[in-house]
2 protein chains.
Amino acid sequence: MPRSPSKTRPITIKDVAQFAGVHASTVSRALNPATRSMVAQDLAASILRAAQELGYQPDHLAASLRTGRSLLVGVLLPDIANPVFAPILSGITERLIEDGYSTIVADAGPGAPSATTLLDGLIAHRVDGLVLATATRDDALVGRCLERNVPVVLVNRAEAQARVSAAVSDDMRGMQLAVDHLVGLGHRRIGHIAGPPTLSTGLLRLRGFEAAIRDQNTPLESFSQSATAYSREAGAEAAGRLLTAAPQITAIVAANDLLALGAYDALRERGLRCPEDISVVGHNDMPLMDLVAPALTSVRIEHRAMGREAAELLVQRMRRADASTRMVMLTPRLVVRGSTAAPRPEQR
Amino acid sequence: MPRSPSKTRPITIKDVAQFAGVHASTVSRALNPATRSMVAQDLAASILRAAQELGYQPDHLAASLRTGRSLLVGVLLPDIANPVFAPILSGITERLIEDGYSTIVADAGPGAPSATTLLDGLIAHRVDGLVLATATRDDALVGRCLERNVPVVLVNRAEAQARVSAAVSDDMRGMQLAVDHLVGLGHRRIGHIAGPPTLSTGLLRLRGFEAAIRDQNTPLESFSQSATAYSREAGAEAAGRLLTAAPQITAIVAANDLLALGAYDALRERGLRCPEDISVVGHNDMPLMDLVAPALTSVRIEHRAMGREAAELLVQRMRRADASTRMVMLTPRLVVRGSTAAPRPEQR
DNA sequence: CTGAAAGCGCTTACAG
DNA sequence: CTGAAAGCGCTTACAG
C-alpha cells in the first residue's frame, strides 16, 4: 500500500479538501450522509473517493466539541464479575451501535473508585447519555445526572421515585412463579433469602414472596432472612441464618442465583441434600445454571432483551428531551430443573 | 443547593475565570495538578474554590482536541458473553483508571458489526490505546492499528508474529499440568478437544498437549479433534467426534472450560459417566466451575491479573512510543476437582 | 507569575 | 450548490 498515510499526522478534512480541490466545509457536507444532498452528486462522489484514497478517518472528538454530541454513552455496572451483567451490557451495546453510539463501561465493583467518581468521569467525557445498572431505591446518582441535565435510564434495578425511565424484570411476578411452583409440589413451609432491601430487586422480590404466600388458598408458613449482598458468600451466610431460625422449612426461594448457590453451600455444610431435604429456587437463570448440581430451578429473566430495552429508552430520551418517562417491565418465566421436588411425606 | 448551575449551559473555564477575576489560561493552569505550581498558591486556591462554587466540570473532549490525548482506551472483546472476559475486563479497567483512562468496550460477539468496523469506531473516538482480546494468530487488526500508529496490546490471545506486547497464559505449560495429572492417575489413552487453530490458545494448547504426551516416560495413545469455536455446543460436537474416532480413550483434556462443559453434554448423551468412564479436564477455571456436576478439574488462569498486565503494558507503550515489545506469560496452575479420577481397572 | 492569542478538527449559520 | 468565517472548550508556547 504505497498510499499509506504518513505515520505521524492523521489525515484531516482539510487534507481531503485540498486533495479534492474544494473547501473543507464542502468535504464535511459530502462526508456526512445527513448533509450529503447539499453537495452536487458528482462532487460528493469525488470527495468520497478522495477521502478513501487518503485513508481519511473522521475525528469524533472534534465533531463532538462542535456539535455538543459525543456519540458516547456511559454504562455504570455494580460489578462486572456478576455474570448477569454481561448479557445486559451486550444488549445495551447492540442497540446503541445501531444509532452510532459507542459505550464507555465503568465498573463500580470491588476495588473500584466510588460510583460518584466514576459517574463524574463519564460526564467529563461528555457522554450523551447514561445507563445505570447500579441504582439503589434511593439513588443519589440519578439526581446528579438530572442536575447536570444528562439523559439517564436505569436497567435491572429501579429507584423508588420513578424520576427516569427504567427497564426491569417484573420482580413480584417472578416470585409468584417461584412460590406457586413450590406450593404446587406440596411445600407448605417456605423460606426466602432476600436481597439487600436498598435495591429494588431485593425489596420487590421480598414483597413478591410475601404477596405470593398470602395469595395461596392453602395456609403457609413463611420465613425470610436478608443477605447483605448479591454474592454466593452472602447467600451461604443468610441461608445459614434461615435454617437456624426455621429448621422446619422444606424449600428456599432465593432472590437471585448467586444467593441460591450460596444456599447450596450452606446445605452441603449442614449435610442437607437438595432437593431431597430442601428445594431451592433461584432468580435470573444465569448462564450455566443448568449445569450446577443439582441443576437450578430459576426464574428466567431475558437480560439481553432488558439491556436492549434500556438502550431503546435512552435513545428515545436522547432524541427528545421531553420523551415520556416509562418503566418497561419484562415478564419472567420459571425454568424448572432438578433443585426442586416434592417434600418427603414425613416432612409434610 | 441554590448555587446549582443553570441547567442549560454547562459551566466552562471562562465562567470560572470571570468569577475568580483572572484569565482563562490561569484557571486552566490552576485546575491541572501538573501545572498548578505555575500559579501563585493563594490565587490557585481561590480559583479552586471558584470552580467548586460554580460546580465546574472539566470537558475532556475539548482538552483532548487540544492535547491530542483522549484519556480513552478501547477494548475489543470477541464475546462479552463468555465469562472469562469479565475478569479480564475488570483487571484492565482497574489498572487503567489508576492513570486516568476510561475504557470504551466494543463487543465483537454474535450479531455485532465486524471487528474491523468496531476498531475503526474506536479509532474515530481517538482512543489513546487499544487492548485486543480478539487476536487471531494472523491478525489484520494489529496491522491496522500499527498503520494508524495507535498503541495496541493483546490479551489472552497472542498473534504469531510478536509485533506488539501481549499478556497471555502459558498455554503449553497449562496442558502439561493437565496431562501430567491424568497420567499420574493412570490414564494412558487421552483425547484432546482443541480450540480453533487460528487462535493462539487453540494452537498452543494443542502443541502443549502433544508435547506433554511425548514427554511422558510411559508410552501413551493420544487423539485430538478441533472444535470450531470456544462454545459449549462446539465442544459437544467435537467431543462426539472424538469419542467416535477413539472410543478407547479414558480421559479428555479440553482446550477450555466451555468445551469441557460441551464434553459433559456429549458424555451424558452417550450414557457415559464422568469421571467413572471418562475423566475431563478444562482450561481457564471460569467462575462456577466448582459447582457444575461433576466439579470440573481445570487449569486455572488468573484472568484479572492478566487484564492488569495487559493494561500495564499498554500504559507503558502509551507513555513511551519506543517502549520495548514484551510478552508477559502468566503461569497457570491446576485445580483438581471431581471430574478426574483414576481409570477403572478394566479400562487400563 | 499572569495574560493574550493561536489552534486542535470539526460543523454550521451566513453569504453569495 | 459552494466558500469563508466563526466557534465549540480547552491548553500552551509566547510575551511581558
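Labels below follow one simple rule: chain letters A, B, ... track the order of the sequence lines, proteins then strands, and each chain is numbered from 1.
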TODO: Would you kindly compare Tyr56(A) and Val39(B) by the position of their nearest DNA chain C nucleotide and give the one closer to the 5′ end?
DONE: Val39(B)

Task: Distance, nearest 0.5 Å, that separates CG of Asp120(B) from OG of Ser114(B) - done: 8.0 Å

TODO: Using a strict cut-off of less than 4.0 Å between a Lys/Arg side-chain nitrogen and an Asp/Glu carboxylate oxygen, indicate whether Glu309(B) and Arg326(B) qualify as a salt bridge.
DONE: no

Task: Arg319(A) and Asp99(A), any side-chain heavy atoms less than 4.5 Å apart - done: yes

Open item on the list: Tell me every residue that passes salt bridge (Lys or Arg N to Asp or Glu O under 4.0 Å) with Arg163(A), counting only those two or more places apart in sequence or in another chain.
Closed with: Glu159(A)

Open item on the list: Distance alone, cut at 3.5 Å: any donor-acceptor contact between the side chains of Thr201(B) and Arg157(B)?
Closed with: no

Task: Watson-Crick or G-U pairs under 3.5 Å in DNA chain C, rendered as dot-bracket with [ ] for crossing pairs and | for another strand - done: |||.||||||||.|||

Task: Flag side-chain contact, heavy atom, 4.5 Å: Ile11(A) against Tyr56(A) - done: yes

Task: Residues Glu98(B) and Arg95(B) bridged, charged N to O under 4.0 Å - done: yes

- [ ] Mind running a 4.0 Å heavy-atom check of residues 58-73 of chain A against DNA chain D and sending the residues that fall below it, in number order?
- [x] Leu65(A), Arg66(A)

- [ ] Check whether any side-chain heavy atom of Asp59(B) sits under 4.5 Å from a side-chain heavy atom of Pro10(B), and report yes or no.
- [x] no

- [ ] For Ser28(A), answer base if it contacts any base atom (sugar-phosphate contacts may also be present), sugar-phosphate if it contacts only those atoms, and nothing otherwise; contact means non-hydrogen atoms under 4.0 Å.
- [x] base

Result block: side-chain N/O donor-acceptor pairs under 3.5 angstrom for residues 20-32 of chain A, not counting sequence neighbours:
| from | atom 1 | to | atom 2 | distance (Å) |
| --- | --- | --- | --- | --- |
| His23(A) | ND1 | Ser25(A) | N | 3.1 |
| His23(A) | ND1 | Ser25(A) | OG | 2.9 |

TODO: With sequence neighbours excluded, tell me which residues meet ring pair (Phe, Tyr, Trp, His ring centres under 6.0 Å) with His303(B).
DONE: none

Open item on the list: For chain A and DNA chain D, what are the first and last nucleotides along the strand, 5' to 3', with at least one atom under 4.0 angstrom from a heavy atom of the protein chain?
Closed with: dC1(D) to dG9(D)

Open item on the list: Within the 4.0 Å heavy-atom criterion, would you say Ser25(B) contacts the bases, only the backbone, or no part of the nucleic acid?
Closed with: base

